[in-house]
Amino acid sequence: MRMYFPQEEYESRWARVHEELERRGHELAVVFGRSAGTYERSGDILYLTNFYSTHSGAEADTPLWQARGFAAAIMRPGEEPALHTDEADTPRDLVAADRLEWHWDVIEGLAAALREAGVEGRVALVGSEFLPVKHYRRLEQLAPAIEWVPEDDLVETVRRVKSERELACYREGGEIVTAGLDALFDGLLAGRTEAEAAGAAAKEVISRGGAYHMIPVSHGDRIRYFCRNPLTGYSLEAPQEGDLVRGWVYGPIWQGYWLDPGRTTVRGLRPDDGQRELVEKCAAIVDAVIEAIRPGVPVRDVIALGDRMTEQAGGQKDQAGEMWPLYGHGVGQFWEQPWLGAEILEGVEHFEENMVMGVEAFLAHDGVGSAGFEQNVIVTADGAELLTKTPMIFWD
């Protein structure tokens, strides 16, 4: 067993984070991550060190352990990261940082290291959006000479544009998640239960060494909801002939890198006119947005295209469309900037070569149901390279 990426890939990442840190006027940053069975906030630490905790029970604090599931990296230009974790005896050949300490109490151990290093004044804090208040207050108490300055997007800014090695990783991940999504819809179209179809998808992903976060499925009378069973994502019910069916396979599919494709079709592949129009118009929005993506193109222009097509297609929203009023987002260790939504986009953004994107659309028609699609693509000099190759339209 060895790290997927070579050591020089991590050293390049450290250098770019250090440059961004100095550009923002800081001499030091503390970068937090949370893993131990969760994925959404593990990304910055995984990106910088390849560390992921095997603990479970995050937030189950006791007199013995505190901040279980959390890790922190001290980043200072000219030095490699100093990693502080909750896990004993981490295999050193699976971590990029040689400076590693573990603690029963990560906050206490981190604060002690900062005091011993004489750190004072302004320090960039990456992770304020998920570090619990009780842990932040203890950090303030245990390192009183430090003024914490939130810089939550520090590392994400650096990892927005992917390296050649990351793109190769994404291409492998695209093959894995495509196999999973193919299996999901093979099962749904055959009339198997949502759980059986999701199990087949999970088997494809896991047997290839991948991981997933959720396999949300819906059909028939509950198609307006993202999934029939929010706890698991799938139910023990099976779609009937003529039912609209929708499903996603998403998560840190390969080496912690997120992919999140989704499809909609009709069980039996004989849609009525309303179903055909709904599904094909929704898919067309995704296809058009992908076609419009090029390096240098303003993100707001692509959003406007999506808005126009959605309005022309009827403009109605289901649960997912209300929750996610957008046409996609960057992906990496999780969902990332830029967000392809007029109400979410911050500032003036342009697509850049070697970004990886999720492109999505949701659409509802009264009396028919709702549809959703998502693709993952690499932004190349010539346009978008498709990573997720399950068919968009299953009939004809």
Side-chain angles (χ1 to χ4, degrees), residues 37-40 42-43 169-190 192-219 222-223 225-239 244-267 279 282-283 286 290 319-320 323-324 328-336 356-362 370-378 386-394:
T38 67
Y39 301 106
E40 295 98 326
S42 65
C169 176
Y170 253 117
R171 292 182 180 104
E172 293 180 20
E175 294 178 5
I176 293 169
V177 79
T178 295
L181 196 59
D182 286 348
L184 177 66
F185 276 87
D186 285 347
L188 293 172
L189 288 170
R192 298 189 179 95
T193 69
E194 291 182 347
E196 289 172 324
K203 178 182 178 181
E204 291 294 335
V205 172
I206 294 170
S207 66
R208 288 166 166 78
Y212 67 92
H213 174 62
M214 195 174 183
I215 302 176
V217 189
S218 191
H219 72 267
R222 298 186 72 82
I223 192 68
Y225 301 107
F226 192 55
C227 52
R228 293 179 78 86
N229 184 347
L231 182 62
T232 59
Y234 40 80
S235 72
L236 291 171
E237 299 171 55
L244 282 163
V245 293
R246 185 184 59 237
W248 255 253
V249 176
Y250 72 79
I253 298 294
W254 184 234
Q255 305 301 322
Y257 284 82
W258 281 73
L259 290 128
D260 48 6
R263 300 289 188 270
T264 304
T265 190
V266 172
R267 166 87 200 284
V279 170
C282 188
V286 172
I290 290 173
Q319 181 193 48
M323 291 193 299
W324 298 302
H329 47 79
V331 287
Q333 268 70 21
F334 190 42
W335 303 326
E336 300 178 355
V356 183
M357 304 295 302
V359 180
E360 64 194 89
F362 301 96
S370 61
F373 287 88
E374 187 161 3
Q375 294 277 48
N376 292 115
V377 300
I378 296 172
L386 187 63
L387 294 170
T388 43
K389 300 177 181 178
T390 299
M392 290 283 275
I393 304 298
F394 287 83

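Note that the coordinates shown come from a computational prediction; the quantities given were computed from them, not determined experimentally.
To the nearest 0.5 angstrom, Ser218 atom OG is 6.0 Å from Glu194 atom CD. Between the CG atom in Asn376 and the NZ atom in Lys389 there is a gap of 12.5 Å [rounded to 0.5 Å]. How far CD of Gln255 is from CD1 of Ile176: 8.0 Å, rounded to the nearest 0.5 Å. Considering CG of Leu386 and OG1 of Thr178, their distance stands at 7.5 Å, rounded to 0.5 Å.
The minimum heavy-atom distance between Tyr212 and Ala202, with the atom names listed, is CE2-CB, 3.5 Å. Taking both residues in full, the closest heavy atoms of Phe226 and Gln319 are given as N-OE1, 2.8 Å, listed atom of the first, atom of the second, then distance. Closest of all the heavy-atom pairs between Gly330 and Met357 is N-CE, 3.6 Å. Nearest heavy atoms, Cys282 versus Ala371: SG-O, 3.7 Å. In terms of heavy atoms, Gln333 sits closest to Glu336 at N-OE2, 3.2 Å. Pairing each heavy atom of Ile215 with each of Ala198, the nearest pair is CD1-O, 3.5 Å.
Side-chain contact between Leu188 and His219 is absent, with no heavy-atom pair separated by less than 4.5 Å. In this structure the side chain of Trp258 reaches within 4.5 angstrom of the side chain of His213, judged on heavy atoms. Looking only at side-chain heavy atoms (C-beta outward), Thr265 and Val279 stay at 4.5 Å or farther from each other. Side-chain contact between Arg246 and Ser370: present, with at least one pair of heavy atoms (C-beta onward) separated by less than 4.5 Å. Contact of the Pro239 side chain with the Leu189 side chain is not registered, since no non-hydrogen atoms from C-beta on lie closer than 4.5 Å. Using a 4.5 Å heavy-atom threshold, the side chains of Tyr250 and Pro216 count as touching. With contacts defined as side-chain heavy-atom distances shorter than 4.5 Å, the pair Leu387/Val356 qualifies. Looking at heavy atoms from C-beta onward, Tyr170 lies in side-chain contact with Leu259 at the 4.5 angstrom threshold.
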Inset, instruction - Go through Phe373 and Arg263 one step at a time and tell me if the side-chain contact (heavy atoms from CB on, under 4.5 Å) criterion holds. - result: CA-CA 5 Å; Phe373 287 88; Arg263 300 289 188 270; 3.9 Å; yes

Inset, instruction - Using the side-chain contact (heavy atoms from CB on, under 4.5 Å) rule, take His329 and Asp260 through it: C-alpha gap first, then chi angles, then the decisive distance, then the call. - result: CA-CA 11 Å; His329 47 79; Asp260 48 6; 3.1 Å; yes

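Only one option out of Ile290, Thr388, Val331 pairs with Val377 in a side chain to side chain contact (heavy atoms under 4.5 Å, CB included); it is Ile290. Paired with Leu184 under the rule side chain to side chain contact (heavy atoms under 4.5 Å, CB included), one option of Thr390, Val245, Val205, Val249 passes, and it is Val249.
Heavy-atom neighbours of Ile206 CD1 from other residues, nucleotides or ligands within 6.0 Å: above the threshold of 12. Within a 6.0 Å radius of CZ in Phe185, other residues, nucleotides and ligands contribute more than 12 heavy atoms.
A donor-acceptor pair shorter than 3.5 Å can be found between the side chains of Trp248 and Glu374.
Between Glu175 and Arg171, no side-chain nitrogen of the basic residue sits less than 4.0 Å from a carboxylate oxygen of the acidic one, so the salt-bridge criterion is not met.
Remark: side-chain polar atoms of Ser235 are not paired, donor with acceptor, to backbone N or O of Asn229 under 3.5 angstrom.
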